[in-house]
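Report on the following structure.
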There are 4 protein chains.
Amino acid sequence: MTSEKRRVPAGAAVLRGDITRAIRRALMHELAAVGYGRLSIEAVARRAGVGKTAIYRRWSSKLDLVLETVVAAAGNKLPALDTGTLRGDLSLLFQVVAHALSHPLASQIIPDLLAEAARNPTIDETLQQVLRAQQQEIGGRLIARAVDRGELPADTDLDAAVDLIAGPLYWRLAIARTPLTDTYLDTLVEAVTAALTADAAVPRQRDGSVPG
Amino acid sequence: MTSEKRRVPAGAAVLRGDITRAIRRALMHELAAVGYGRLSIEAVARRAGVGKTAIYRRWSSKLDLVLETVVAAAGNKLPALDTGTLRGDLSLLFQVVAHALSHPLASQIIPDLLAEAARNPTIDETLQQVLRAQQQEIGGRLIARAVDRGELPADTDLDAAVDLIAGPLYWRLAIARTPLTDTYLDTLVEAVTAALTADAAVPRQRDGSVPG
Amino acid sequence: MTSEKRRVPAGAAVLRGDITRAIRRALMHELAAVGYGRLSIEAVARRAGVGKTAIYRRWSSKLDLVLETVVAAAGNKLPALDTGTLRGDLSLLFQVVAHALSHPLASQIIPDLLAEAARNPTIDETLQQVLRAQQQEIGGRLIARAVDRGELPADTDLDAAVDLIAGPLYWRLAIARTPLTDTYLDTLVEAVTAALTADAAVPRQRDGSVPG
Amino acid sequence: MTSEKRRVPAGAAVLRGDITRAIRRALMHELAAVGYGRLSIEAVARRAGVGKTAIYRRWSSKLDLVLETVVAAAGNKLPALDTGTLRGDLSLLFQVVAHALSHPLASQIIPDLLAEAARNPTIDETLQQVLRAQQQEIGGRLIARAVDRGELPADTDLDAAVDLIAGPLYWRLAIARTPLTDTYLDTLVEAVTAALTADAAVPRQRDGSVPG
DNA sequence: ATGTAAGCGAGACGGTACGTCACGTCTTCAC
DNA sequence: GTGAAGACGTGACGTACCGTCTCGCTTACAT
């Protein structure tokens, strides 16, 4: 389904790559413009300047088209980043994420698909794999390096750490959509660093209480 | 449009309150089930067991119906809470918010409308008023009390503080939708308290730079 | 002040006659304008300048309203006519019928109800009583007098005779709706007279054959 | 609109003939069942098992659909009939007409449309063309042959003749809807023959009077 | 070069929803 | 209790798209 070229036994036609690309491009813009709920294959075909059949020949459904394209688009991302300090890693990560989420397509599509994921298990699974898992891995590596350096204790709560890192920035960019300044980013880095360190200083208790 | 009863000059008919309520109830369930994009007036009428006319007699459009109902539903919320300490206030706030966002309807509808707000200015404005403004006010009051008590400095960055408070919890509940434990909440309270305090320790600079 | 007030026992209200008449009048015009199929109580009420309740308090349904009113309107009809000759009787009858069917209301309503009768047994029965039966009786008396006078034989086929009398004129007035001249009426009288006489000359045979 | 196939420049879709026929069939049954006044496109589509679009793609309105279909249905009719005598021609004509009008669809639809024609000029014109004109022509030829044979004089009133031929049978079949026997038909043929002959014997006078 | 299988745009198909209108029923209010 | 006003559910209107499916035309490989 995703392979660009297929081997065929005899005098056969082949799916044209330019059309496939035009459809993907049109899909992203449609998705940003109307969201997954209102997305229609017809509109994608219209925007791409192709027939509806050209789409259905490549993907079996709207869901298939969206997920396959989104996964493909999200694939080429985020090289390793290691600045030597927790604060430096966070600062770099925030800049990269802020840049990525500042793209108009991303800032429209991602919240939309995340909201749709609450209704559609298939979307949920896919996004868990391409977004959450990625974040978990990146955040995990970041924390692990900080632990190795002695900046954080070994029993740091990874889930809470990822929420602390991803939450404020996502909220700011995708929900509040307030303009982002470098100053603000610095403040945020500082605060999250402190939060993680505090989290380390006050590790999870068995009974859920906080030692006074 | 929102008034339940209207004064009329003579022996007149009046919009029935039970029907208005049935429509609102049906709308919330439809909204949770299919989202704003796919929401259809016919489906709402069908679910409510009323005619389409009963809806159009009350609201002029799908947008009107949704916004007016959501505002009405969000109106009855959040009394003042003052526990005497920043940590106590945060803990109570998180519990209240976690309870509210745990409701299946809320956890489906809110992310959906927030995503739609990125496309629709009218939705955006309305949500800014009923959600963000409310959060700003609650967060502002919380911070102000902490400043009064001397727990935080006077120049604490309010925007960043609200993002730090709202972001992680929203991310956890609405995006990751991971089960929430009391222990996790405690950890989060601790971390956010530390972040705010650190934010105080590294206040916003006039030139936007962070003192090295 | 209206003169429609009547003595009632104790503060009791009574259906007002002027409203009843206004409804009947409006009904006839509506019936002519849109036909039975499209007739609506609402339009009748609007034209009569009364509320829908005023109609439903008097008649139980559209069918009831129409039939009761049509029967009432058709009731006051056709005195005895006896000119002394078959041809004279026919001529007078044709003139009376032509005059009646020339009324715009009648020429619109009657074909419409007759067509509707083919679908609606209740209408059919009622029209049979007020129209066909009346025609049968009038035609029957006309034929009987001619038989008494010796102008027609005793075994004249009454059904065929009525068809011969009613058919051409109804066709001309209600279906073809061609202007009617006195000359044409004379010709028709002459022809029908001849037809009846011929019918007499070639009476119905027991075996259904015509003597050659 | 009535053409089954359309020429189109490229790989084009074409209105399917089987669906066109199904719509026409459903229309005739709907028309017989509820009449023109109550006829709804939705009901026709439902009965035909097609979508509304399939109808609107072919005809622009209810009126267009009805007239075009009725004309098409009435088109394939009545070959020349020449038995050699006026009485034979009439007998044959009556049998053919009686057969046609005995069809349940025809006996419901024709009176309904004729009644509607009194209200709707477009229907009127169309029916004049396909029904009345046909009758005029058939009746005219029948009379002309009788004149040629010397059975009728040259100045026979054609209008009156057609009324005499069409009226009684239409009245009997469409209005009275009384069962029809061969005997009755014979009687009618005899009577109408006599009427026409009498009409010949008493031709139209210039002053409209009947010579005494 | 030719044959042919498959890609391609066009568009007809059965549906669904739109927002409006009119209907018969039912309720409320003024008199 | 009569009558007007009007809210109610129902259903049809004609339009706009939707996803599916069937067409001819076109392309590009295999012979």
Side-chain angles (χ1 to χ4, degrees), chain A residues 6-16 19-20 38-46 48-58 60-62, chain B residues 6 8-20 38-46 48-58 60-62, chain C residues 8 10-16 19 38-46 49-58 60-62, chain D residues 6 8-16 18-20 38-46 48-58 60-62:
Chain A
R6 299 174 314 166
R7 281 295 81 202
V8 280
V14 144
L15 296 174
R16 280 167 50 187
I19 288 185
T20 304
R38 283 223 181 291
L39 183 74
S40 80
I41 298 291
E42 186 133 349
V44 174
R46 213 180 302 127
V50 305
K52 285 182 278 187
T53 32
I55 297 181
Y56 281 106
R57 206 170 285 121
R58 289 166 170 79
S60 65
S61 66
K62 179 171 109 170
Chain B
R6 301 174 315 162
V8 279
V14 146
L15 298 175
R16 278 168 50 187
D18 57 336
I19 288 184
T20 303
R38 283 224 181 291
L39 184 73
S40 85
I41 298 285
E42 295 221 356
V44 174
R46 218 179 296 128
V50 307
K52 278 191 291 182
T53 37
I55 297 181
Y56 283 110
R57 209 172 280 126
R58 290 167 169 79
S60 64
S61 66
K62 182 171 104 170
Chain C
V8 281
V14 144
L15 295 175
R16 279 164 50 186
I19 288 186
R38 283 220 183 295
L39 184 74
S40 81
I41 297 291
E42 187 133 348
V44 173
R46 212 179 303 128
V50 305
K52 284 183 281 186
T53 348
I55 297 181
Y56 281 105
R57 203 169 282 124
R58 290 167 169 80
S60 64
S61 66
K62 179 171 108 170
Chain D
R6 301 175 316 165
V8 281
V14 145
L15 298 175
R16 277 167 51 187
D18 58 336
I19 288 184
T20 304
R38 283 225 180 290
L39 185 73
S40 86
I41 298 286
E42 294 221 353
V44 174
R46 217 179 297 129
V50 307
K52 277 193 291 183
T53 37
I55 297 182
Y56 284 111
R57 209 172 280 128
R58 290 167 169 79
S60 64
S61 67
K62 181 171 104 169

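Within every chain, numbering begins at 1; the chains are lettered A, B, ... in the order of the sequence lines, protein sequences first and strands thereafter. This structure is a prediction, so every number in the text was calculated from the model and none was measured.
Of all heavy-atom pairs spanning K62(B) and L39(B), the tightest one is NZ-O, 3.2 Å.
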With sugar-phosphate taken as primed atoms, P, OP1 and OP2 and all else as base, the protein-contact string of nucleotides 13-19 of chain E at under 4.0 Å (heavy atoms; B, S, -) is BBB-BBB

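Straight-line distance from the CD1 atom of I55(A) to the P atom of dC18(F): 11 Å, rounded to whole Å. What separates CZ of R38(D) from C1' of dG11(F) is a distance of 12 Å, to the nearest Å.
Using modelled atom types, no side-chain atom of S60(D) and backbone atom of Y56(D) make a donor-acceptor pair closer than 3.5 Å.
Residues passing the side chain to side chain contact (heavy atoms under 4.5 Å, CB included) test with T53(B), sequence neighbours excluded: R57(B). For A54(B), the side chain to side chain contact (heavy atoms under 4.5 Å, CB included) partners are I19(B), I23(B), V50(B), R58(B), not counting sequence neighbours.
Annotation: the terminal axes of the helix from dA1(E)-dT31(F) to dC31(E)-dG1(F) meet at 10°, where each axis is the rotation carrying the C1' atoms of four end pairs onto the next four (5 pairs per end, rounded to 10°).
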